[in-house]
Amino acid sequence: MNTSPLAGKPAPLEILVDVPRLITAYYTEVPDPSVLGQRVAFGTSGHRGSSFKLAFNEWHILAITQAICLYRTRQKITGPLYLGVDTHALSIPACVTALEVLAANGVEVMIAEGDEYTPTPVISHAILTYNRQRKSGFADGIVITPSHNPPHDGGFKYNPPSGGPADTSITDWIEARANMLLADRLKGVKRVSYQQALRSSTTRRHDYATAYVNDLKNVIDLDSIRNSKIQLGVDPLGGAGVHYWGRIAERYGLNLTVVNETTDPTFRFMTVDWDGQIRMDPSSPYVMKRLIEMKDRFDLSFACDTDHDRHGIVTKREGLLPPNHDLCAAISYLFQNRPQWHEKTAVGKTIVSSQMIDRLAVKLGRKLFEVPVGFKWFVEGLLDGSLSFAGEESAGSVFARLDSSVWTTDKDGFVPCLLAAEITARTDRDLGEVYRELTQEFGEPFYDRVQAAATPEEKKRLANLSPPQVTFTELAGEKIQTILTQASGNGAPIGGVKVVTESGWFAARPSGTEPIYKIYAESFQGAEHLRQILEAAQTMVTATLAAPQKPRIGSEPTQRLA
């Protein structure tokens with residue numbers, strides 16, 4: 001993974017997206033559904049792409065929205081649809097298109113008062129709040145966001161009545177129907193003008209912010225934060241929560257400063273990510289450079305990505321915490337400081353999150369529920385209360401209310417940030433210190449993630465790996481204990497492979513949202529052992545991608561990885 005010379009520096013003018021051209025392409029370019037890259041495709045979190053590449057254009061949104069309307073009719077979903085947007089340039093045009101179709105189909109749509117941006121967790125919260133205690137007439141939602149992706153991307157997510165990301169059975173149906181509509185040149189898509197849609201009796205305004213902010217006291221001990229008077233800094237990274245943080249501070253009397261309230265679809269105020277692109281990823285030290293430089297101004301500071309479903313924590317002592325450190329510290333604190341949580345609720349993690357979580361779950365006497373990458377795998381457990389915490393190494397998590405009931409079934413960037421403040425206020429320790437104590441007890445893991453470009457065909461090969469194709473018996477000097485292509489928690493395919501030894505592991509999988517593959521690895525033996533694991537994993541992936549058919553990893557069952 002080659003780091004760009006621009007990484008961590010202010011975004012230069014020459015890399016800023018040309019917003020007028022981007023939006024013009026959205027309306028004028030017509031995708032060809034016979035071209036794979038121009039079809040509707042739901043990844044781990046919705047359909048994403050750029051209008052420049054004919055991957056996110058008006059035709060896509062017309063087709064997807066009509067398909068969602070057909071799905072609602074098929075499933076007898078008759079309640080309101082909560083519609084939210086983030087601050088990416090393509091989000092507002094896509095929202096206009098979607099509303100035109102929803103109104104034409106007679107769907108009751110709840111749009112934000114004052115056309116405010118709406119974070120992903122706020123939509124999930126609204127859906128669950130409406131559906132609570134209902135037996136029919138359920139609500140669902142759409143969030144228009146490509147999450148932390150670069151400014152030229154757009155994204156479109158559907159959240160069914162469960163409130164979280166739609167599972168594969170739902171997105172497969174919507175995707176197939178949307179592509180049929182594209183192939184038929186939108187025949188069957190209902191649409192009215194935007195003015196008609198706004199005047200329609202089915203289009204209503206909803207005060208998302210007040211409902212969400214007022215309910216936060218039921219998931220976080222905000223009194224302890226207020227009484228401690230700790231100084232908090234937050235950077236919304238120009239995202240959909242930009243006006244929420246001030247309201248949270250005012251409502252609960254927090255000593256909180258929003259360091260940047262700018263919204264700009266070029267995101268020119270950002271520092272550039274590792275690869276030379278602007279990306280609003282709060283787990284990246286390059287993206288978070290400015291907030292890290294401010295760490296001495298605050299007792300604790302944090303940031304969220306563009307739709308506020310991911311978060312990054314910066315402490316005075318440690319700087320930016322790696323997401324796995326944050327997850328472990330949060331889990332350790334929560335399961336010892338939420339007395340109303342049920343004794344048998346589990347800890348949810350993805351297959352690429354740290355095994356420190358596994359060890360921690362054993363100590364806490366909690367069942368571990370490990371699933372493939374994608375927050376949709378946690379929805380059912382969060383909803384029925386069998387999971388009190390769910391997190392993934394890409395800086396996304398959520399947890400139950402104080403009374404053990406469900407808060408949201410989607411990632412929520414606000415509550416982990418506020419939890420970090422609660423931990424600091426109540427223990428007088430930052431999360432980095434909490435994590436260091438855990439390493440003294442369980443050992444210190446060394447973790448890394450690398451990625452590289454991959455074609456759709458290469459991604460498909462990697463996703464379809466099976467255990468017999470991994471013929472190695474050793475990994476970095478240790479006997480391989482397990483080769484997984486299915487998650488242990490729910491038996492679902494992980495879309496790649498995970499290889500586990502006594503003190504280390506790696507997982508290789510294609511990205512569900514970008515033309516890349518990723519390798520995740522961890523070692524409890526140190527940095528050098530981690531390097532060996534990563535080299536071995538790269539060897540395996542290279543062999544897999546190079547093989548023309550039915551790729552084999554190695555030739556003899558006694559081979560070793562590194």
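One-based numbering along the sequence shown.
With contacts defined as side-chain heavy-atom distances shorter than 4.5 Å, the pair Ile278/Met280 qualifies. Between Asp86 and Tyr117, the closest side-chain pair of non-hydrogen atoms is not below 4.5 Å. Within the 4.5 Å cutoff, no side-chain heavy atoms of Pro160 are placed close to those of Ile127. The side-chain heavy atoms of Leu36 and Gln38, taken from C-beta on, include no pair separated by under 4.5 Å. A heavy-atom distance below 4.5 Å is not found between the side chains of Pro282 and Val287. Contact of the Pro93 side chain with the Val96 side chain is not registered, since no non-hydrogen atoms from C-beta on lie closer than 4.5 Å. Counting heavy atoms from C-beta outward, Glu522 and Phe506 have side chains that stay 4.5 Å or more apart. Between Phe414 and His308, the closest side-chain pair of non-hydrogen atoms falls below 4.5 Å.
With rounding to the nearest 0.5 Å, the separation of OG in Ser162 from CG in Asn131 is 9.0 Å. To the nearest 0.5 angstrom, Ser284 atom OG is 9.0 Å from Asp275 atom CG. Taken to the nearest 0.5 Å, the CG atom of Leu198 stands 6.0 Å off from the CG atom of Leu99. Interatomic distance, Asn105 CG to Leu81 CG, rounded to the nearest 0.5 Å: 11.0 Å. Once rounded to the nearest 0.5 Å, the distance linking CG of Leu484 with CD1 of Ile351 reads 8.0 Å. Distance check, rounded to the nearest 0.5 Å: SG of Cys304 to CG of Asp235 gives 9.5 Å.
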Exercise. Mind running side-chain contact (heavy atoms from CB on, under 4.5 Å) on Ser397 and Phe389 for me, showing each step along the way?
Key: CA-CA 7 Å; Ser397 65; Phe389 181 95; 4.0 Å; yes

Exercise. Evaluate the side-chain contact (heavy atoms from CB on, under 4.5 Å) criterion for residues Glu393 and Tyr447: first the C-alpha distance (whole Å), next the side-chain angles of each, then the deciding distance (0.1 Å), finally the verdict.
Key: CA-CA 10 Å; Glu393 63 77 40; Tyr447 184 99; 3.3 Å; yes

Quiz item: Between Val373 and Val352, does a side-chain contact (heavy atoms from CB on, under 4.5 Å) hold up when you go through it step by step?
Solution: CA-CA 7 Å; Val373 173; Val352 297; 3.8 Å; yes

Self-check item: Test log, rule salt bridge (charged side-chain N to carboxylate O under 4.0 Å, His left out), inputs Glu370 and Lys498
Solution: CA-CA 12 Å; Glu370 188 173 81; Lys498 182 175 183 179; 3.5 Å; yes

Exercise. Determine, stepwise, if the pair Arg74 / Trp173 fulfils side-chain contact (heavy atoms from CB on, under 4.5 Å).
Key: CA-CA 11 Å; Arg74 188 170 182 254; Trp173 192 93; 3.3 Å; yes

Exercise. Please assess Thr97 against Glu100 for the test side-chain hydrogen bond (donor to acceptor under 3.5 Å, both in side chains), listing each intermediate value before the final yes or no.
Key: CA-CA 5 Å; Thr97 303; Glu100 292 173 348; 5.0 Å; no

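Of the possible donor and acceptor atoms, one in the side chain of Thr73 sits under 3.5 Å from a partner among the backbone N and O of Cys69. Side-chain atoms of Asp153 do not come within 3.5 Å of backbone N or O of Asn149 as any donor-acceptor pair. No donor-acceptor pair under 3.5 Å is formed between the side chain of Thr350 and the backbone N or O of Glu392. Asp273 places no side-chain N or O within donor-acceptor distance of the main-chain N or O of Gly276, the cut-off being under 3.5 Å. At distances below 3.5 Å, not a single donor-acceptor pair connects side-chain atoms of His152 with backbone N or O atoms of Ser51. Between the side chain of Thr409 and the main chain of Leu383, no donor-acceptor pair closer than 3.5 Å is present. Here the side chain of His311 pairs a donor or acceptor atom with the backbone of Ala395 at under 3.5 angstrom. Under a 3.5 Å cut-off, the side chain of Asp305 and the backbone N or O of Arg310 do form a donor-acceptor pair. For the pair Thr171 (side chain) and Phe42 (backbone), a donor-acceptor distance under 3.5 Å is absent. Side chain of Asp184 to main chain of Met180: no donor-acceptor pair is present (N/O by atom type, distance under 3.5 Å, no hydrogens or angles).
Proximity of the aromatic rings of Tyr82 and His206 is defined here by a centroid distance below 6.0 angstrom, and this criterion is met. Checked against the 6.0 Å centroid threshold, Tyr212 and Trp407 count as a close aromatic pair.
Remark: the Asp264 side chain and the Thr266 side chain contain an N/O donor-acceptor pair separated by less than 3.5 Å. Between the side chains of Thr262 and Asn260, a donor-acceptor pair is found at a separation under 3.5 Å. Defined by atom type and a distance below 3.5 Å, a donor-acceptor pair is missing between the side-chain atoms of Lys9 and Thr271.
In this structure, Arg185 places its CZ atom where only 12 or fewer heavy-atom neighbours from other residues, nucleotides or ligands lie under 6.0 Å away. Within a 6.0 Å sphere centred on OH of Tyr130, heavy atoms belonging to other residues, nucleotides or ligands number more than 12. Environment of CD in Glu108: crowded, with over 12 heavy atoms of neighbouring residues, nucleotides or ligands closer than 6.0 Å.
The existence of a salt bridge linking Glu58 and Arg191 is confirmed by a sub-4.0 Å separation between a basic side-chain nitrogen and an acidic carboxylate oxygen. Under a 4.0 Å N-O distance rule, the pair Glu113/Arg205 does not qualify as a salt bridge. Comment: Asp140 engages Arg72 in a salt bridge, judged by a side-chain N to carboxylate O separation of less than 4.0 angstrom. Salt bridge present: Asp307 and Lys157 bring a charged side-chain N and a carboxylate O closer than 4.0 Å.
Under the 30°/60° scheme for interplanar angles, the aromatic rings of Phe56 and His47 are found to lie parallel. Taking the six-membered ring where the residue is Trp, His88 and Phe267 present tilted rings, their angle falling between 30° and 60°. In this pair, Tyr71 and Tyr158 present their aromatic rings perpendicular. The plane angle is above 60°, beyond the 30 to 60° band.
In plain terms, the two heavy atoms of Asp309 and Ser147 that are nearest each other are OD1-OG, 3.7 Å. Nearest approach of Thr263 to Gly238, heavy atoms of both residues: CG2-O, 3.9 Å. Residues Glu175 and Val40 approach most closely at CG-O, 3.3 Å, considering heavy atoms. Residues Gly413 and Pro416 approach most closely at O-CD, 3.4 Å, considering heavy atoms. Smallest separation of non-hydrogen atoms from Thr408 and Ser124: CB-OG, 3.5 Å. The shortest non-hydrogen separation linking Gly241 to Pro236 is C-CB, 4.5 Å.
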